[in-house]
Protein chains: 2
Amino acid sequence: MRADRELKNLIQKGQRDFLSNLSIDCVIFGFHAGQLKALLLRYKHSREWALPGGFIYKKEDVNQAANRILRERTGLSEIFLQQFRVFGSPRRIDHAREMGKFIRRSGIPLAKNSWLLGRFITVGFYALVDFSAVSPAPDHFSDACEWYDMHSLPALMMDHTEILTKALAALRLQLNSQPIGYNLLPEKFTMPELQKLYECILYKRLDRRNFQRRILGYGILRRHKETKKGMGHKAPYLYSFDLRKYHLALQEGLTGGW
Amino acid sequence: MRADRELKNLIQKGQRDFLSNLSIDCVIFGFHAGQLKALLLRYKHSREWALPGGFIYKKEDVNQAANRILRERTGLSEIFLQQFRVFGSPRRIDHAREMGKFIRRSGIPLAKNSWLLGRFITVGFYALVDFSAVSPAPDHFSDACEWYDMHSLPALMMDHTEILTKALAALRLQLNSQPIGYNLLPEKFTMPELQKLYECILYKRLDRRNFQRRILGYGILRRHKETKKGMGHKAPYLYSFDLRKYHLALQEGLTGGW
DNA sequence: CCAAAAGTGTTGCTAATACACCCATGT
DNA sequence: ACATGGGTGTATTAGCAACACTTTTGG
């Protein structure tokens, strides 16, 4: 079985190829149907869900490693990635031992002193992707890979819930200084969609009219002639980001708080 | 010589005691004489300056390791510490080799494959301290330890200039959400001092009157009856932070940008 | 008594809030 | 025709920026 071979390979040669004691965990944010979502996976023989993660090759840049891991998982490259925190509690080792249990359940032998069971300090990244461009698919080590609404998450392994929470907090803080809208929405989107995105991230309602005025006031959007028809009410305009102006505005930081 | 013994010890036993490939670098900010300063040291037999740094014991929490390193360096505990970024370029290894040169200059043998010459991913922390409470003193490995004005830094080893720059940027971003004033100033301070601190961090002038109104508007300061005399002009009032209200206000984030 | 630097006050503008009305679309 | 949701407009208010005058201190 291909999966078994991959796992054996990781167990046997991981220590040689990867930096020890160091891992990466990615919170992949997507936006769909008015919900902010995170891409989670479930390792084989585990009941809890986990963040996509991986290790860093000995000569690999940390940020590039995160890119690679994301590419392997979503098929996307050129992903917007941001490291937001290091999780370095020594208690993470206790949790890692739990992980060992379900690797053994797969029948693959795992030595008690395997590098995989050691202590890992993990660098937390968040990624922003266009939901519609990703087709979640489990890899060799997992049997499920799905989007979950950020506000109704399943049970997560280890400290992944904390990582997710901190990622959302970072996202909130950086809403006015990073091109968050651009990376989470498709090329063309409507104003109500953009507003809903903001509402999900901030977790509070915003006034429709004031939101529109403020966003348009930044001068970072281009309005298309087309509208989005087919929903039993007035068709909203489609917008796109004017990347040049967007990045210019972000350098200053968009004004005010939400 | 004590210093030699310490260094030999680090070279020989470091690999056993510390997590490999992982280090911590601290940007220690202080404020004095109207200047924002960083505490730098110079390793023996080196001409370039460096950030205080260290390694993480195998069972030690990363944040606690940073605290320990800071304590060893400044004698202070309970320091305000904030991790702000991971520096993980594989090119850091080239620089590390330079470091090897001046270790060898000290006459201590250093094997080519020593763990100290390997690749290090470093977690960047910034620390905020009360300048007057620190007496900089070189340790066993360094022959100088001094404060430098953030805006006239000496040549720094490796990528430490970048780390310093990123730390300042982080400080700027968090000015309204972290108790930065509290940790950089002495117990009692004057309004002009606080303003100068803000100006140093933001690197721009602020209007004296508007600054005062805004800060006082937050309701986070207590004004003392005493004033600070002896400077050939009107004596400014002394203030202290009302910690309760300060932290309460920070949770919301102080309004607006600067 | 004068220079330097601090305390205090006023005004106007900009931008965020809180509203109401009209328009397009599918059923 | 009507319910739903989107586009546009206006009054009010809060906060920031710009600016002037007075007060205290040491030399």
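Letters A, B, ... mirror the listed sequences (proteins, then strands); counts begin at 1.
- At whole-Å resolution of the value, CE in Met231(B) and P in dT24(D) are 17 Å apart.
- Out of dG5(D), dT23(D), dT10(C), the shortest distance to the side chain of Lys234(A) is found at dG5(D).
- Residue-to-nucleotide contacts include no donor-acceptor pair under 3.5 Å from the side chain of Arg209(A) to the base of dG7(D).
- Between dG7(C) and Gln212(B), a contact under 4.0 Å exists linking OP1 or OP2 to a side-chain N or O.
- Of the possible donor and acceptor atoms, none in the side chain of Asn210(A) sits under 3.5 Å from a partner among the backbone N and O of Leu206(A).
- The nucleotide whose nearest atom lies closest to any side-chain atom of Arg208(A) is, among dC21(C), dC19(C), dA6(C), dC21(C).
- Both His233(B) and Tyr239(A) lie close to DNA chain D; mapped to their nearest nucleotides by heavy-atom distance, the more 5′-ward contact belongs to Tyr239(A).
- Each of Arg213(A) and Tyr218(B) lies near DNA chain D, and the nucleotide nearest Arg213(A) is the one positioned closer to the 5' end.
- If you run salt bridge (Lys or Arg N to Asp or Glu O under 4.0 Å) between Asp159(B) and each of Arg85(B), Lys166(B), Arg92(B), only Arg92(B) comes through.
- Which of dG7(D), dA17(D), dA6(C) sits closest to the side chain of Asn210(B) comes down to dA17(D).
- Checking side-chain atoms of Gln212(A) against main-chain N and O of Met191(A) turns up no donor-acceptor pair under 3.5 Å.
- Side chain Arg214(A) to base dT17(C): no donor-acceptor pair is found below 3.5 Å.
- For the pair Gln195(B) (side chain) and Phe211(B) (backbone), a donor-acceptor distance under 3.5 Å is absent.
- Summarising the geometry, the separation between CG on Leu202(A) and C1' on dA16(C) is reported as 15 Å, rounded to the nearest angstrom.
- Note on Arg223(A): a side-chain N or O is less than 4.0 Å away from OP1 or OP2 of dT8(D).
- The separation between Arg205(A) atom CZ and dA16(C) atom P is 21 Å, rounded to whole Å.
- For the pair Leu254(B) CG and dG15(D) P, the computed distance is 13 Å after rounding to whole Å.
- When rounded to the nearest whole Å, the span between CG of Leu216(B) and P of dG9(C) equals 12 Å.
- As rounded to whole Å, 18 Å separates atom P of dG5(D) from atom CG of Leu206(A).
- Applying salt bridge (Lys or Arg N to Asp or Glu O under 4.0 Å) to Asp139(B) and the options Arg42(B), Arg73(B), Arg71(B) leaves one that passes, Arg73(B).
- Separating the CD1 atom of Ile215(A) from the P atom of dG7(D) is a distance of 13 Å, rounded to the nearest angstrom.
- Regarding Trp258(A), its CH2 atom lies at a distance of 12 Å from the C1' atom of dA15(C), rounded to whole Å.
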